[in-house]
Amino acid sequence: MTRFRRTFVPLAGIVAVSIGLTACGGTTQDSASNSGGGDRATGTANPDAPIQDGLQVAFLPKQLNNPYSDIEVGGGKTAVEEFGGEYKLVGPNDASASSQVSYINTLIQQGQNVINIAANDPNAVCPSLNQARDAGIKVVTFDSDAAEDCRDLFINQATTQGVGETLAKMTSEQIGGTGKIAVLSATPNATNQNAWIEVLKAELASKPEYRNIELVATVYGNDDDQKSFQETQGLLQTYPDLKAIVSPTTVGIAAAARYISSSSYKGNVVLTGLGTPNQMREYVKNGTVKEFALWDPTNIGYLSAYAGAALASGQITGAEGQKFTAGKLGEYTIGAGGEVVLGPPTVFDANTIDQYNF
């Protein structure tokens, strides 16, 4: 089990939070093996090696100008500045499957030391990522994984199982364990979204307390505010007896909240999922949303940057069981399949949301 220090940034200061779940994560783990990064976790690690000066560390999020991604890469920038590296941010304006490939190729040409990427598709980016690794560039995925054989480490915000269980539990509690629900996801190929939804489905199908809940539809807002808004409207028109919408994407849940808050569905249809406190505060306070969950996305980018620096500096190779220190977050241990878990999500509601500022 990964050893970690969970750090969140509330208004009153930094506190550690937990909701008693297993440490959680964002993509499928079927391909997990006993060593990280496919066959590349080789060589000898020197855990006492210092972080190299002037490391060139690039961040490639799913898309630019996405509020959630902006928070993640902001944490990465902070970390890179802490260890004296050179930070670069590049990325597409859309989250399509192949939109990141050209940026990876450019980063290879520029000779970056580390590429940190939140993959829009687990396979479309692999040929380019392996070209980067052949060129000696360390590849760390964060938030949304690529296929295991084309990266060195994966920084998982939480375990897939933990997130899916949290979504099922929050939804069931708010609808009294019975009724029709729908999912408003990001893109059809988003590995983290799909993995969480699969766990949600399995929970609903296997646990007796969820036997009266029916998942009637999954729709995709493509992590676009307007499309997510329209998909919310479509769901509610298509299923007039819908009891809840579950949106495991920060863009989707905020857009859905905006629609529901000014409609007759407010107070009648439950909305829950994954969102940031600053995005959702208004909707919690006006009664549109009772509770939702997330982790501190700043720390995902921060941990990803330090993991890349540890790889590039030879402190670790990416093999299971190796340890490295990630600045203020403390020590982490690499798990099976090259996975490093940030920590469990926390649930936000009217009583807790003002403790957080991100």
Side-chain angles (χ1 to χ4, degrees), residues 1-4 6 18-34 36-38 62 68 72 95 117-123 125 140-151 153-172 181 183-207 210 213 215 218 220 223 246-250 252-253 272-275 292-297 299-300 303-304 307 320 332-347:
M1 176 63 69
T2 303
R3 181 175 181 266
F4 54 83
R6 299 182 296 275
S18 171
I19 58 172
L21 298 175
T22 57
C24 346
T27 64
T28 57
Q29 299 178 34
D30 296 336
S31 59
S33 67
N34 290 326
K62 292 180 180 179
Y68 177 80
E72 286 184 315
I117 177 172
N120 281 326
D121 182 277
N123 299 309
V125 293
V140 180
T141 56
F142 66 95
D143 184 75
S144 184
D145 201 6
E148 184 183 324
D149 61 0
C150 59
R151 47 76 169 162
L153 289 177
F154 168 43
I155 306 304
N156 208 341
Q157 60 269 62
T159 64
T160 301
Q161 188 68 29
V163 174
E165 289 174 352
T166 301
L167 294 174
K169 184 174 184 290
M170 289 192 301
T171 304
S172 179
I181 69 171
V183 170
L184 170 62
S185 186
T187 63
N189 294 318
T191 49
N192 54 354
Q193 300 282 312
N194 290 338
W196 296 332
I197 294 167
E198 286 305 308
V199 174
L200 170 63
K201 290 178 179 178
E203 288 287 294
L204 298 181
S206 64
K207 293 189 175 178
Y210 303 143
I213 299 176
L215 177 59
T218 298
Y220 302 94
D223 261 355
V246 185
S247 187
T249 160
T250 60
I253 194 173
T272 192
L274 305 177
F292 63 98
L294 199 65
W295 39 84
D296 188 341
N299 289 339
I300 298 172
L303 177 55
S304 185
E320 182 179 0
Y332 285 77
T333 301
I334 300 170
E339 181 184 50
V340 180
V341 179
L342 176 65
T346 190
V347 172

* Tell me, please, which residues at least two apart from T249 pass side-chain contact (heavy atoms from CB on, under 4.5 Å). => A186, Q193, D223, S247, V251
* To do: Please report the closest heavy-atom contact between G275 and T250, naming both atoms and the distance.
  => CA-CG2, 3.7 Å
* Structure fact -> Of V163, N192, V246, V183, the one forming a side chain to side chain contact (heavy atoms under 4.5 Å, CB included) with I197 is V183
* To do: Working to the nearest 0.5 Å, report the span between NZ of K62 and CD of E72.
  => 8.0 Å
* Mind checking the CG-CG spacing from N189 to N123? Nearest 0.5 Å is all I need. => 9.0 Å
* Heavy-atom check, side chain of I300 versus side chain of Y68, under 4.5 Å -> yes
* Would you check, one step at a time, whether the test side-chain contact (heavy atoms from CB on, under 4.5 Å) holds for N120 with T187? => CA-CA 8 Å; N120 281 326; T187 63; 5.7 Å; no
* Structure fact -> d(I213 CD1, L215 CG) to nearest 0.5 Å is 10.0 Å
* **Gap separating the CG atom of D143 from the CH2 atom of W295, nearest 0.5 angstrom** => 7.0 Å
* Where is the tightest heavy-atom contact between L184 and G252, given as atom of each residue plus distance? -> CD2-O, 3.5 Å
* To the nearest 0.5 Å, what is the distance between OH (Y332) and CG (L303)? -> 5.0 Å
* Separation of T333 OG1 from E320 CD (nearest 0.5 Å) -> 10.0 Å
* Asked: Are W196 and T160 side-chain neighbours, meaning at least one heavy-atom pair lies under 4.5 Å?
  -> yes
* To do: Check whether any side-chain N or O of N156 sits under 3.5 Å from a backbone N or O of V341 as a donor-acceptor pair, and report yes or no.
  => no
* Asked: Would you say the side chains of T171 and T272 form a donor-acceptor pair under 3.5 Å?
  -> no
* Structure fact -> Between L153 and A307 the two heavy atoms that sit nearest each other are CD1-CB, 4.0 Å
* To do: Kindly indicate whether the side chain of L274, heavy atoms from C-beta on, has any atom under 4.5 Å from the side chain of L167.
  => yes
* **I155 backbone acceptor or donor facing S304 side chain under 3.5 Å** => no
* To do: For the residue pair L204 and I181, establish whether any side-chain heavy-atom pair is separated by less than 4.5 Å.
  => yes
* Is it true that a side-chain atom of D145 and a backbone atom of A119 form a donor plus acceptor pair closer than 3.5 Å? -> no
* To do: Keeping the roles fixed (side chain from S206, backbone from A202), state whether a donor-acceptor pair exists under 3.5 Å.
  => yes
* Asked: Between V140 and R151, is a side-chain contact (heavy atoms from CB on, under 4.5 Å) present by the stated rule, with each step listed?
  -> CA-CA 6 Å; V140 180; R151 47 76 169 162; over 6 Å; no
